[in-house]
There are 2 protein chains.
Amino acid sequence: MDWSALPPMTALRALAAYADTGSMTAAGARLNVSHAAISQQIKGLEDRMGLSLIDRARGKGGLTPEGHALAETTLDAFANIAMLSAELTGRDAERPIQVSTTPTFASSWLMPRLAGFRQKHPELSLMVDPTPELREIKPGGLDMAVRYGSGNWPGLEADLIVESTIAIVASPDLVGTGDFESPGDLTQFHWLQELGTSEASEFLSRYGAVLNTAKGLTSLPGNLLLEAARAGQGIGVAARAFIQPDVDSGRLRILFEDTRNDGYYLVYRPGVMRPSARALYRWIKSETEAEFG
Amino acid sequence: MDWSALPPMTALRALAAYADTGSMTAAGARLNVSHAAISQQIKGLEDRMGLSLIDRARGKGGLTPEGHALAETTLDAFANIAMLSAELTGRDAERPIQVSTTPTFASSWLMPRLAGFRQKHPELSLMVDPTPELREIKPGGLDMAVRYGSGNWPGLEADLIVESTIAIVASPDLVGTGDFESPGDLTQFHWLQELGTSEASEFLSRYGAVLNTAKGLTSLPGNLLLEAARAGQGIGVAARAFIQPDVDSGRLRILFEDTRNDGYYLVYRPGVMRPSARALYRWIKSETEAEFG
DNA sequence: TTTGCGATGTAAGTTGAGGTTACATATTGG
DNA sequence: CCAATATGTAACCTCAACTTACATCGCAAA
């Protein structure tokens with residue numbers, strides 16, 4: 001790392017503020033300095049780098065592509081630092097814990113038990129975001145996420161909390177009690193597909209190549225899929241761990257089971273976790289250990 | 001963005017240099033300041049944040065977890081800025097263009113045509129890195145990458161350059177000329193698996209669940225897979241686009257073809273691209289357009 | 001066209017953050 | 001126990017980054 005290549009931070013800050021506000025005067029106000037300071041800083045930066053950063057021809061607020069790129073990168077870099085430092089100093093203690101989970105995990109596991117966490121930590125507030133895709137986990141944003149997979153998320157820590165294969169299930173009312181040779185034999189039935197979540201979608205999208213002669217396919221959110229399968233409306237693909245009650249009671253049969261033993265992981269950034277998030281982390285770990293471990 | 005929450009940059013720089021070198025004296029030397037300056041900056045930062053960043057109990061170079069986290073984030077943030085600014089000022093004009101591609105694309109498409117690029121731009125130097133995993137594309141590192149997928153890489157631009165499905169292929173000498181109902185019917189043959197690259201590995205890892213009763217499976221790099229398949233050593237999984245010659249000449253038969261129409265994408269960061277990289281970008285686009293588009 | 005106003009550029013002077021030097025105070029290995 | 005080496009602290013210094021003041025520009029209303 002060549003520190004001497006770094007432009008002065010004050011100048012970058014001025015540029016970022018200018019990009020953000022669209023005017024020197026406003027940028028000055030934002031940073032609690034005069035407009036002249038902004039003007040001088042930006043000019044100094046342009047001199048130093050030997051290229052123009054703001055586009056003086058157009059109406060106000062114009063940046064050249066280079067200026068825009070530099071402002072973006074700067075803003076991003078500074079924001080990361082600001083968020084982390086807010087976390088470390090505890091200035092964000094009251095900010096809600098933010099967790100993203102797959103819809104299935106949220107409805108099948110988390111929601112039923114949330115009251116227990118609330119009771120244990122009444123002072124903490126929590127935001128649960130059940131979305132298919134994993135968004136970025138970073139200081140100031142998501143604290144952690146629950147994802148289905150093999151535990152390999154580059155740059156992130158991942159603790160296995162619930163081991164579970166993927167199972168192909170159906171109501172006995174639909175498929176009877178006989179055996180099937182391969183998933184291909186099930187093409188005579190209607191299929192239920194989960195809307196793009198990590199548990200089943202890849203599995204299905206691959207089998208889809210084989211099953212595309214099927215009798216049709218309904219896509220619906222994960223929490224409704226099991227209900228539909230129980231009602232005999234089709235063949236469903238679901239995480240094994242959350243259908244045991246249905247199997248025990250005979251409402252669902254497991255027709256095939258993936259041999260790969262993936263599972264639900266608690267995913268988070270390496271390093272220090274803020275206290276409120278750590279409380280949730282410990283609670284999820286102990287609850288799942290008590291239940292599955 | 002709350003600018004007032006930002007710690008002073010000089011203090012962060014001092015901390016990062018300390019983390020990097022493991023000593024105040026060395027950090028001072030690195031930044032061309034005295035050791036006392038480092039000491040004062042770090043102490044000031046600790047005061048301001050209200051927590052200790054360096055671990056004075058242990059042997060030298062010790063950072064607390066908080067200090068470590070802050071130093072990491074700072075280093076990353078500064079490095080991004082430094083790299084971008086080097087690009088913008090053209091100070092890295094002579095640095096080689098760095099491209100990462102999948103092994104298959106590198107051996108089947110890029111390598112045979114590289115001489116053409118060298119001839120057109122003799123002054124540019126190029127580093128091709130054929131690796132399965134997509135590493136981070138950022139200023140100062142990778143300029144662009146060629147990946148197989150559906151074109152959805154969050155935060156990155158991706159231009160489709162070669163459309164291609166995934167095909168299951170084999171030599172007629174091995175499987176004869178008859179038809180097969182489903183991939184499951186091929187379990188009687190030996191399979192050739194590509195070593196964890198994006199083209200075929202996910203496809204295969206899913207079918208693996210069905211095919212795990214197979215007669216065995218050989219894993220080998222992508223460029224050798226086709227040779228082995230031609231020689232009748234097993235069933236192979238490969239990108240459709242690069243086996244046309246083999247199909248035409250009768251060396252390989254296509255047994256199944258994925259219905260999903262993914263392809264090879266040229267992946268890069270949004271924003272300005274440095275001139276040398278832009279030259280390669282344009283060359284790849286025009287070559288692939290002439291050939292496939 | 002003139003007038004007025006808001007934004008930006010430039011010059012000159014001021015100030016405190018960030019440096020220095022100097023010295024005191026650990027810590028370590030021979 | 002004594003160099004030798006690293007870190008903490010104090011007192012002072014200096015210039016980068018600011019301010020204020022004024023010139024300039026573009027534009028819209030009179």
Side-chain angles (χ1 to χ4, degrees), chain A residues 3-64 67-68 70-71 74 78 81 85, chain B residues 3-64 67-68 70-71 74 78 81 85:
Chain A
W3 294 101
S4 60
L6 270 180
M9 291 296 152
T10 43
L12 291 174
R13 189 177 45 183
L15 179 69
Y18 177 77
D20 204 19
T21 60
S23 117
M24 300 224 167
T25 313
R30 177 76 64 90
L31 301 183
N32 292 317
V33 295
S34 65
H35 73 95
I38 304 291
S39 174
Q40 287 171 356
Q41 289 295 342
I42 293 183
K43 171 161 269 294
L45 192 57
E46 286 180 313
D47 283 356
R48 186 199 153 97
M49 302 191 70
L51 43 84
S52 53
L53 300 168
I54 76 181
D55 189 349
R56 286 150 227 270
R58 317 185 154 277
K60 44 193 159 189
L63 285 162
T64 64
H68 187 71
L70 192 54
T74 301
F78 284 10
I81 292 173
S85 104
Chain B
W3 295 100
S4 61
L6 270 180
M9 290 297 153
T10 45
L12 291 174
R13 189 177 46 184
L15 179 70
Y18 177 78
D20 203 19
T21 59
S23 118
M24 299 219 168
T25 313
R30 177 75 65 89
L31 301 183
N32 293 315
V33 296
S34 63
H35 73 95
I38 303 290
S39 175
Q40 288 171 359
Q41 289 294 345
I42 293 183
K43 171 160 269 297
L45 192 56
E46 286 180 313
D47 283 356
R48 186 198 153 98
M49 302 191 69
L51 44 84
S52 53
L53 299 169
I54 76 181
D55 188 348
R56 285 149 227 269
R58 316 186 154 277
K60 42 193 161 189
L63 285 162
T64 63
H68 187 73
L70 193 54
T74 301
F78 284 10
I81 293 173
S85 105

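The sequence lines fix the lettering, A, B, ..., with proteins before strands; numbering per chain opens at 1. Predicted model only: the values in this text are computed from it and were never measured.
As rounded to whole Å, 15 Å separates atom C1' of C/dT10 from atom CD of A/Glu46. Protein atom CD of B/Gln41 is 14 Å distant from nucleotide atom P of D/dG8, rounded to whole Å. Look at CE on A/Met9: it is 15 Å from C1' on D/dA16, rounded to the nearest Å. For the pair B/Arg13 CZ and C/dG19 C1', the interatomic distance rounds to 11 Å; values are reported in whole Å. When the P atom of C/dT27 is taken as reference, atom CD1 of B/Ile54 falls 13 Å away, rounded to whole Å. With rounding to whole Å, A/Asp47 atom CG is found 16 Å from D/dA17 atom C1'. Distance CG (A/Leu53) to P (C/dT8): 16 Å, rounded to an integer number of Å. Counting to the nearest Å, the P atom of D/dG8 and the CG atom of B/Leu45 are 14 Å from each other.
Atoms CD1 and OG, on B/Ile54 and B/Ser39 in that order, are 7.5 Å from each other to the nearest 0.5 Å. Between the OG atom of B/Ser34 and the CG atom of B/Leu31 there is a distance of 10.5 Å, given to the nearest 0.5 Å. Residue A/Leu15 holds its CG atom at 11.0 Å from CG of A/Asp20, rounded to the nearest 0.5 Å. Rounding to the nearest 0.5 Å gives a distance of 10.5 Å between OH of A/Tyr18 and CD1 of A/Ile38. Distance check: A/Arg13 CZ to A/Arg30 CZ gives 13.0 Å after rounding to the nearest 0.5 Å.
Distances shorter than 4.0 Å separate none of the side-chain N or O atoms of A/Arg48 from OP1 or OP2 on D/dA16. Regarding contacts with the backbone of C/dT21, every side-chain N or O of B/Ser34 stays at 4.0 angstrom or more from both OP1 and OP2. Remark: A/Thr25 is not in phosphate contact with C/dG6, judged by side-chain N or O atoms under 4.0 Å from OP1 or OP2.
Axis deviation across the helix from C/dT1-D/dA30 to C/dG30-D/dC1 amounts to 30°, comparing end segments of five pairs, rounded to 10 degrees.
Side chain of A/Met24, nearest nucleotide from C/dT8, D/dT19, D/dT7: C/dT8.
Side chain of A/Thr74 to main chain of A/Leu70: a donor-acceptor pair is present (N/O by atom type, distance under 3.5 Å, no hydrogens or angles).
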> Should B/Met9 and A/Leu12 be marked as a side chain to side chain contact (heavy atoms under 4.5 Å, CB included) after you check the CA-CA gap, both sets of side-chain angles, and the distance that decides it?
Replying inline: CA-CA 11 Å; B/Met9 290 297 153; A/Leu12 291 174; over 6 Å; no

> For B/Val33 and B/Gln41, what are the C-alpha separation, side-chain angles and deciding distance, and is it a side chain to side chain contact (heavy atoms under 4.5 Å, CB included)?
Replying inline: CA-CA 11 Å; B/Val33 296; B/Gln41 289 294 345; over 6 Å; no

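The salt bridge (charged side-chain N to carboxylate O under 4.0 Å, His left out) analysis of residues 34-49 of chain B, with sequence neighbours excluded, yields the pairs B/Glu46-B/Arg56.
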Could you go over nucleotides 9-13 of chain D and give all protein N or O partners under 3.5 Å, atom names and distances?
unit_1	atom_1	unit_2	atom_2	d
D/dA10	N6	B/Gln40	NE2	3.2

